[in-house]
Peer 1: 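Take a look at this one; I'll ask things after.
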There are 2 protein chains.
Amino acid sequence: MPELDETDIKLLKLLGNDSTLTMKELAARVNLSPSPVFERVKRLEGNGYIKKYIALIDSEKLNQGLIIFCNIRLKQHDKSIGHDFVSDVLQLKEVTECYNISGDYDFLLKVYARNMKHYQDFVFNKLGSVKSIGSTHSTFVMCENKNSYNINL
Amino acid sequence: MPELDETDIKLLKLLGNDSTLTMKELAARVNLSPSPVFERVKRLEGNGYIKKYIALIDSEKLNQGLIIFCNIRLKQHDKSIGHDFVSDVLQLKEVTECYNISGDYDFLLKVYARNMKHYQDFVFNKLGSVKSIGSTHSTFVMCENKNSYNINL
DNA sequence: CTTGAAAAATGGAGGGT
DNA sequence: ACCCTCCATTTTTCAAG
């Protein structure tokens, strides 16, 4: 596992905020020419430091403006129930994130819904038919103050 | 606000998963030639459906493998205290997301730390010096089962 | 790392249905 | 409105030094 120097970190930071920067633009910001920057970026991709490049879609513009953190407690805690839950819940298009967590609940889901009615339908009809779920607790997002999508380097 | 057709949605979906796709590759997937695809993508960018393009960085490879959801209750609930809290907490590099939420707590933070010791330091020394905070409750992520970063179209 | 050049993609012009 | 083909420009990509 090769070490990263200052320049690599800076490149990750730049691309983590804006991946449309060209090699030329990146080069200018790290005081190099495009070629070594190209090689560094390819190395960062190849070694998995950069996982992928994506476009961020505006969820509000697509009528998915309601964000809910949904805490879930399983009925039982054996491995197979947990596995069933994860595979069931990842099928649901409203669920964009799923974490196995410590504490009172077993899982935390981030859910996007059009509105309250849609979320109600999600809880009763979709989560309601996932057998492994014991109970749920929903926390509604009133305002997203920040989401940087990446660690802050 | 112009409506989106099937093709636009498909383009958003494709770019939301992989923004390295070229106009040519996108064109092939939606059965068009590169030019109209180019125009559509520029329109989606211009109208804000696509907010930005970013590289996703592997947090584990950068020694930020511990994810914590930190619930925070403010001391008081006036607007200025809330504003102070947000501006203070967004300065902290460990905090990548911040939500104003309903329920027992006022805010939910997503925090990345190197390890438990680092998180302990974050809670005691960094959050500890934010005056507006009343109490906190940390939920530790044991496994990230899914994070799609975008709504599922 | 630099230079430099081939291959590929972008971004428009102009025209067709 | 929407699409196409063609082409100049820019960028990417990869030699060789």
Side-chain angles (χ1 to χ4, degrees), chain A residues 1-65 114 148-153, chain B residues 1-59 61-63 148-153:
Chain A
M1 205 75 64
E3 275 312 303
L4 303 184
D5 64 14
E6 281 284 315
T7 304
D8 292 320
I9 299 291
K10 196 158 185 184
L11 290 172
L12 289 177
K13 197 170 183 168
L14 289 164
L15 290 171
N17 281 322
D18 181 6
S19 63
T20 66
L21 292 167
T22 64
M23 296 299 164
K24 199 173 168 182
E25 290 166 325
L26 288 171
R29 282 172 177 72
V30 298
N31 294 313
L32 287 173
S33 62
S35 291
V37 171
F38 172 77
E39 282 164 11
R40 280 167 183 271
V41 172
K42 290 302 147 192
R43 208 185 64 234
L44 292 169
E45 292 169 1
N47 292 336
Y49 290 95
I50 295 173
K51 291 194 286 189
K52 62 194 298 204
Y53 296 90
I54 63 168
L56 293 179
I57 310 304
D58 190 320
S59 58
E60 290 191 28
K61 292 226 184 223
L62 281 126
N63 287 319
Q64 302 281 119
R114 284 190 297 283
S148 65
Y149 300 97
N150 271 313
I151 54 174
N152 299 129
L153 290 164
Chain B
M1 204 74 64
E3 275 311 304
L4 303 184
D5 63 14
E6 281 284 315
T7 303
D8 292 320
I9 298 291
K10 197 159 186 184
L11 291 172
L12 289 176
K13 196 171 184 169
L14 289 163
L15 290 171
N17 280 322
D18 180 6
S19 62
T20 67
L21 292 167
T22 65
M23 297 301 165
K24 199 173 166 182
E25 290 166 326
L26 289 171
R29 283 172 175 71
V30 299
N31 294 313
L32 287 173
S33 66
S35 290
V37 171
F38 172 78
E39 282 163 12
R40 281 166 180 271
V41 171
K42 290 302 148 191
R43 207 185 64 232
L44 292 168
E45 292 168 2
N47 292 337
Y49 290 96
I50 295 173
K51 291 194 285 190
K52 62 195 296 207
Y53 296 90
I54 64 168
L56 293 178
I57 311 305
D58 190 320
S59 58
K61 292 228 184 222
L62 282 127
N63 286 320
S148 65
Y149 300 95
N150 271 314
I151 53 173
N152 299 129
L153 293 164

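What's counted below: heavy atoms across the whole structure, side chains too, no hydrogens, waters or symmetry copies. So that the names make sense, note that chain A is the first sequence line, chain B the second, and so on, each numbered from 1.
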Peer 1: Arg43(A) CZ to dC1(C) P: how many Å, rounded?
Peer 2: 9 Å
Peer 1: Can you tell me whether the side chain of Ser35(B) and the base of dG11(C) have a donor-acceptor pair closer than 3.5 Å?
Peer 2: no
Peer 1: From dT10(C), dG11(C), dC4(D), pick the nucleotide closest to the side chain of Ser33(B)?
Peer 2: dC4(D)
Peer 1: Is it the case that over 12 heavy atoms from other parts of the model lie below 6.0 angstrom from the CD atom of Glu25(B)?
Peer 2: yes
Peer 1: Using atom CZ of Phe38(B) as one end and atom C1' of dT9(D) as the other, report the distance to the nearest whole Å.
Peer 2: 12 Å
Peer 1: Report the distance from atom CG of Leu32(B) to atom C1' of dT5(D), rounded to the nearest whole Å.
Peer 2: 14 Å
Peer 1: Does a side-chain N-to-carboxylate-O contact under 4.0 Å join Lys42(A) and Glu45(A)?
Peer 2: yes
Peer 1: Restricting to non-hydrogen atoms, name the atom on Asp18(B) and the atom on Ile54(A) that form the minimum distance, rounded to 0.1 Å.
Peer 2: N-CG2, 4.4 Å
Peer 1: Roughly how many Å is it from NZ in Lys24(A) to C1' in dT12(D), rounded to a whole number?
Peer 2: 12 Å
Peer 1: How long is the line joining CE of Met23(A) and P of dA5(C), in whole Å?
Peer 2: 21 Å
Peer 1: Could you state the atom-to-atom distance from OH of Tyr53(B) to P of dA9(C) in whole Å?
Peer 2: 16 Å
Peer 1: Could you give the NZ-to-C1' distance, from Lys42(B) to dA9(C), as a whole number of Å?
Peer 2: 12 Å
Peer 1: Starting at atom CD of Glu39(A), determine the distance to atom P of dA16(D), rounded to an integer number of angstrom.
Peer 2: 14 Å
Peer 1: Please confirm whether the backbone N or O of Asp5(A) pairs with a side-chain atom of Asp8(A), one donor and one acceptor, at under 3.5 Å?
Peer 2: yes
Peer 1: If only side-chain N and O atoms of Arg40(A) are considered, is one of them under 4.0 Å from the OP1 or OP2 phosphate oxygen of dC1(C)?
Peer 2: yes
